[in-house]
Amino acid sequence: MQPTFQTVTVLGVPFINTTAATFLSTLQTRIDQQQATFVVTANPEIVMYAHDHADYHAILQRATYITPDGIGILDGAKILGHTLPERITGFDTLQALLAWGSDHHKSAYFLGAKPEVVAQLGKILPQRYPGLNIVGLRDGYFTDEQAVATDIAAKHPDMVFAALGFPKQEVFIDTYRHTTHGLWMGVGGSFDVLAGAVIRAPKFWQDHHLEWFYRTVKEPKRLKRIAVIPHYLHLVRQQAKRARSSK
Ligand code: UDP
């Protein structure tokens, strides 16, 4: 039996309330049983985007699982009186699934990132994950979306990782995920990290919940992501106040 997770809803987005380990084993069971699965790993920027875009919000509602990818989500849950045990990030989930997929000879399709990153992945992935059956590896700057979708469907991979950035990756997954019985997950900039094009924050910064700070200093374009946080927290506090007054 797979656990159905309790959720904590932050600004209309239901986050699963579980640990990364339990979530991972649930995904593995679903992949083994060929249950179609759509995973969104959401941070406050995604929540705010969904808050402002009804179409995107509807896509998130159709996801199988939404995980808290970002300390801001844990903070938001706390303001609402709930404790989510830990972040479940796209990058960590991707890495864990690839290692497991290699051990169990699963197939994976990689879609996204720039051509030079994909070329690098073509070298790294077979070395790092020798048992993984890589059935597709293509960059995210395609023009013929239908041809890409047809190729994925023809390969019927156990796992599809879409690294197109949001909202593009979730829109793509929502449109085509029913063409296979596998897992589909949006993984943002993870291919860049896997390929070594972007360096993840050292462990110290991760452990002190300061990865966002480290990465913003390294990549100032990420400031946009942080800029939404005050407004996000303000709206969460309003949600908390409404919840209290309706009791
Ligand atoms: N990307 C892509 N196709 C596009 C736009 C973006 O493949 O049309 C890729 C981009 O190369 C990068 C990823 O999507 O690898 C998005 O990275 P970003 O850091 O913006 O995503 P986040 O981690 O913030 O979701």
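If you read the sequence from its start, that first residue is 1, and numbering goes on from there. Reckoned from all heavy atoms, side chains included, excluding hydrogens, waters and symmetry mates. All ligand and atom numbering here is 1-based and tracks the order in the structure.
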### Query
Any idea which protein heavy atom is nearest atom 17 (O) of ligand 1, and the distance to it?
Gly189 CA, 3.5 Å
### Summary
In this structure, atom 24 (O) of ligand 1 is nearest to the protein heavy atom Arg225 NH2, 2.2 Å
### Task
Name the closest protein heavy atom to atom 8 (O) of ligand 1, giving the residue it belongs to and the distance to 0.1 Å.
Lys168 NZ, 2.7 Å
### Task
Determine yes or no for a side-chain-to-main-chain donor-acceptor pair under 3.5 angstrom, with Gln34 supplying the side chain and His181 the backbone.
no
### Message
Suppose we measure from atom 9 (C) of ligand 1 to each protein heavy atom; which comes out shortest, and what is that distance?
### Response
Ala163 O, 3.4 Å
### Query
Quick one: does His82's side chain have a donor or acceptor within less than 3.5 Å of a partner on Val8's backbone?
no
### Task
Not counting sequence neighbours, which residues clear side-chain hydrogen bond (donor to acceptor under 3.5 Å, both in side chains) with Thr175? List them please.
none
### Query
With a 6.0 Å cut-off on ring centres, are Phe161 and Tyr109 close enough?
no
### Task
Considering the heavy atoms of Lys114, write down every atom of ligand 1 situated less than 4.0 Å from one of them.
11 (O)
### Task
Would you tell me whether Thr41 and Asp69 have side-chain atoms, one donor and one acceptor, within less than 3.5 Å of each other?
yes
### Summary
shortest atom 10 (C) of ligand 1-to-protein heavy-atom contact is with Tyr141 OH, 3.3 Å
### Task
Consider ligand 1: state whether an atom of it lies below 4.0 angstrom from any non-hydrogen atom of Phe191.
no
### Query
Which residue supplies the protein heavy atom nearest to atom 3 (N) of ligand 1, what is that atom called, and how far is it?
Gly140 O, 2.8 Å
### Query
In the protein, which heavy atom is nearest to atom 7 (O) of ligand 1, and how far is it?
Ala113 N, 2.9 Å
### Task
May I ask which of Ala42, Pro167, Gly112, Gly188 has a heavy atom nearer to atom 25 (O) of ligand 1 than the others do?
Gly188
### Task
Would you mind checking if Arg138 and Asp151 are paired as a salt bridge, meaning a charged N to carboxylate O distance below 4.0 Å?
yes
### Task
Please determine, by modelled atom types, if Glu145 and Tyr176 share a side-chain donor-acceptor pair under 3.5 angstrom.
yes
#### Entry: Lys106 bridged to Asp32 by N-O distance under 4.0 Å
yes
### Nearest protein heavy atom with distance in Å, relative to atom 15 (O) of ligand 1
Asp192 OD2, 2.8 Å
